[in-house]
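Naming convention: chains lettered A, B, ... in sequence-line order (proteins, then strands); numbering from 1 in each chain.
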Protein chains: 2
Amino acid sequence: MIALDEIDRAILRAMVADADLSAGALGRRLGLSQPAAWRRLKRLRAASVIRAARLDLDAEKLGFGVTVFLGVKIGTKGQAALGDFERAVSAIPEVQTVEHVLGMYDYRLRVVARDLPDFERVLRRRIMTLPGVASLDANVLLSEERRPGPIG
Amino acid sequence: MIALDEIDRAILRAMVADADLSAGALGRRLGLSQPAAWRRLKRLRAASVIRAARLDLDAEKLGFGVTVFLGVKIGTKGQAALGDFERAVSAIPEVQTVEHVLGMYDYRLRVVARDLPDFERVLRRRIMTLPGVASLDANVLLSEERRPGPIG
DNA sequence: CTTGAAAGAAGACCGCG
DNA sequence: CGCGGTCTTCTTTCAAG
């Protein structure tokens with residue numbers, strides 16, 4: 001755990017809104033010099049409060065027009081079964097996120113495909129052959145809004 | 001729609017692996033000059049194939065140790081009901097993503113909270129007061145893996 | 001592709017509480 | 001010592017030749 005003061009939180013708020021902000025511009029906005037702002041950023045990165053900068057690609061423009069969320073229940077819940085499932089699911093390129101979850105499902109997957117026929121192929125040849133899958137629920141993404149989320 | 005050649009896809013693959021890659025380093029890796037690589041990046045951004053750079057923060061280090069996925073079913077499904085729900089849900093800071101979805105649920109929400117008591121507060125005072133909610137399913141996040149996803 | 005000017009990154013060093 | 005400020009150097013960006 002690291003101690004974050006109000007300036008750190010202001011930096012995070014500004015950077016979440018615009019990740020390409022330079023250290024100089026950031027400092028100008030907060031009344032800090034460029035090196036001071038840069039040092040704070042470096043410190044936040046070192047403490048991995050800032051994990052990384054990720055590129056947000058438009059899947060549709062890449063030819064992947066279909067996104068489906070799958071809720072997966074695993075049949076035999078041994079430690080080995082979970083490991084087997086995770087290893088196998090990590091080898092499927094169409095799977096964007098694997099969430100290990102507690103509640104109605106055991107795993108939630110975000111899967112992309114070019115279109116519905118392509119999704120059927122992924123489902124039948126990839127997902128349904130995964131080890132230990134007892135049941136599947138599907139939801140097709142219509143639209144999505146991502147919000148900054150709380151900082152402090 | 002824009003036409004992407006093999007070089008564009010190589011650029012995207014390299015950039016999703018490391019979003020902080022400079023145009024110069026990118027060009028060196030692919031056998032392009034720095035301005036050539038930079039122009040390609042600019043073109044991909046202008047076509048919004050690359051939407052933006054997003055900062056990946058560690059919610060736990062910010063004091064938000066609990067992430068819950070909610071599956072929401074809306075009772076009265078008129079056009080107005082969906083708009084009302086979306087507007088109201090957008091005002092809750094703890095909601096990180098709102099996915100409008102087709103299938104077993106109508107919406108899927110990603111919600112963060114400091115701990116379980118804090119989550120109960122959000123659930124009772126924010127989520128359960130949303131207009132039109134007929135039923136809720138919850139799944140608590142244990143761990144998560146994000147993968148690059150397919151490019152071409 | 002090459003050049004070149006402006007901006008940003010990132011280090012060394014000093015001063016303050 | 002921790003933190004911010006200035007100065008300095010190297011790299012990167014980005015437009016123009």
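Listed by chain and number, the residues in a salt bridge (Lys or Arg N to Asp or Glu O under 4.0 Å) with B/R54 are A/D56 (sequence neighbours excluded). Qualifying salt bridge (Lys or Arg N to Asp or Glu O under 4.0 Å) partners for A/R45, counting only residues two or more places apart in sequence or in other chains: none. Applying the salt bridge (Lys or Arg N to Asp or Glu O under 4.0 Å) criterion to A/E120, with sequence neighbours excluded, gives A/R124. Here A/S33 pairs with A/P35, A/A36 under the side-chain contact (heavy atoms from CB on, under 4.5 Å) rule; sequence neighbours left out. For A/Y107, the ring pair (Phe, Tyr, Trp, His ring centres under 6.0 Å) test picks out A/F85, A/H100, with sequence neighbours left out. Listed by chain and number, the residues in a salt bridge (Lys or Arg N to Asp or Glu O under 4.0 Å) with B/R13 are B/E6 (sequence neighbours excluded).
Within residues 5-20 of chain B, no residue has a heavy atom under 4.0 Å from DNA chain C.
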Distances under 3.5 Å only, N/O to N/O: pair up the protein atoms with those of nucleotides 12-17 of chain C.
none

Are any protein N/O atoms closer than 3.5 Å to N/O atoms in nucleotides 4-9 of chain C? If there are, list each pair with its distance.
residue : atom : partner : partner atom : Å
C/dG8   : OP2  : A/R28   : NH2          : 3.4
C/dA9   : OP2  : A/A23   : N            : 2.9

Please list every donor-acceptor pair under 3.5 Å in which a side-chain atom of residues 14-25 of chain B meets a protein atom from a residue at least two apart or in another chain.
residue : atom : partner : partner atom : Å
B/D18   : OD1  : B/D20   : N            : 3.2
B/S22   : OG   : B/A25   : N            : 3.2

Run the side-chain donor-acceptor check on residues 145-152 of chain B: report pairs under 3.5 Å with partners two or more places apart or on a different chain.
residue : atom : partner : partner atom : Å
B/E145  : OE1  : A/S90   : OG           : 3.0
B/R147  : NE   : A/S90   : O            : 3.1
B/R147  : NH2  : A/S90   : O            : 2.2
B/R147  : NH2  : A/I92   : O            : 3.4

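Residue A/V101 shares its hydrophobic cluster (ILVMFWY side chains chained together at separations under 4.5 Å) with A/F69, A/M104, A/Y105, A/L141, B/F69, B/V101, B/M104, B/Y105, B/L141.
Although no hydrogens or angles enter the test, the distance criterion places no donor-acceptor pair under 3.5 Å between the side chain of A/D8 and the main chain of A/L4.
Here A/S33 does not reach the OP1 or OP2 of D/dT6: none of its side-chain N or O atoms lies under 4.0 Å away. Side-chain nitrogen and oxygen atoms of A/K42 include at least one within less than 4.0 Å of the OP1 or OP2 phosphate oxygen of C/dG11.
What separates CG of B/L41 from P of D/dA15 is a distance of 13 Å, to the nearest Å. B/L32 has its CG atom 17 Å from the C1' atom of D/dT12, to the nearest Å.
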